[in-house]
Amino acid sequence: MVLIKNISEIKDLVSEWKKEGKTIGLVPTMGYLHEGHESLIKKARKENDKVIVSVFVNPTQFGPNEDLESYPRNIEKDRELCESCGVDVVFNPEPVEMYKNNASTYINVQGLTEGLCGASRPIHFRGVCTVVSKLFNITMADRAYFGEKDAQQLAVVKKMVEDLNFNIDVVGCPIIREKDGLAKSSRNTYLSKEERVAALILNKSLNLALKKLKNGEASGENVINVIKGVIKEEPLAKIDYVEVVDSKTLKPVKKIENSILVAIAVYIGKTRLIDNFTFNRE
Ligand code: PAF
């Protein structure tokens, strides 16, 4: 396994691989890798000849008051995990390498980015789409792997790939959870002991909503109220949003008839956590 920091170096390597007819799987990450990332890497390893994991805390997707500076970083541990999973290349550029010469081109996916996380993080998806498209171009990957925990990100990246005719398959992978149900996230490391316990309220509220849906609940508003009711019981929790949206359009759903995404973002203390599930009424 090699760690590459330069764009020109990784481009030369992938050109060689392409000449040899190798397929390339890309796992884009911001590092501080956990079992969620590991599951993406393992899937990429199974489905491709070569696997690249990018580790880049992308400044353009953080708002001015967000956690860019404090975002957890540990390239040595990331490197070890990648090595143990049979990764070929860890691509770990510096921000000046990724955004050279006052880079001034951004990719904006409209519509899908307006609600959910996009409402409280207005420049977030513009930054994600810009860096992801750069990574697609740099790595010439055949497949790219994203977690379903960031359900809106996955939908937005798929739309960008379709709209801009990128020659890449975007593969979504299931949410990986701690034993007690908390969705794995690099941001979980921000939580104090007390907050870690409080954070279980996200999964608890979603489980109750799923139960109601399975019992026939068909009103989006009622599902939202069930979730809000549970979260409000937890004094350390503050709701950013609770939404029931169509899985494809991400538009709010009043009457639940088809496939929906139930998505929440909740502050536990200062840490903003997200979680979701999809439900299909057939
Ligand atoms: O999901 C993430 O970690 C990031 O948004 C991504 C896709 C690596 C882009 O920076």
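Just so you know, ligand 1 is whichever comes first in the structure, and atom 1 is the first atom listed for that ligand.
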- Flag the pair E16 and K19 as a salt bridge only when some basic side-chain nitrogen lies within less than 4.0 angstrom of an acidic carboxylate oxygen. yes

Rounded to the nearest 0.5 Å, the CG atom of L213 sits from the OG atom of S219 at a distance of 10.0 Å

Atoms of ligand 1 under 4.0 Å from any heavy atom of V131, numbered from 1 in the order shown, are 9 (C), 10 (O)

| said: For the backbone of Y32 and the side chain of S186, can you confirm whether one donor and one acceptor N or O come within less than 3.5 Å of each other? | reply: yes

Review point. If only atom types and distance count, is the side chain of R126 paired as donor or acceptor with the main-chain N or O of C129 below 3.5 Å?
Key: no

One finds that the ligand 1 atoms under 4.0 Å from a non-hydrogen atom of P28 are 8 (C)

In ligand 1, the atoms that come under 4.0 Å of a heavy atom of Q153 are 1 (O), 2 (C), 4 (C), 5 (O), 7 (C)

Ligand 1 to T29, heavy atom cutoff 4.0 Å, flagged ligand atoms 8 (C)

shortest atom 9 (C) of ligand 1-to-protein heavy-atom contact is with Q61 OE1, 3.3 Å

If you scan protein heavy atoms around atom 3 (O) of ligand 1, the nearest is M30 CG, 3.6 Å

With heavy atoms and a 4.0 Å threshold, my read on which part of V157 contacts ligand 1 is neither

request  = Return yes if some donor-acceptor pair links the side-chain N/O of K212 with the main-chain N/O of V226 below 3.5 Å, else return no.
outcome  = no

Q. Between Y71 and F62, what is the ring plane arrangement, given parallel below 30°, perpendicular above 60°, and tilted in between?
A. perpendicular

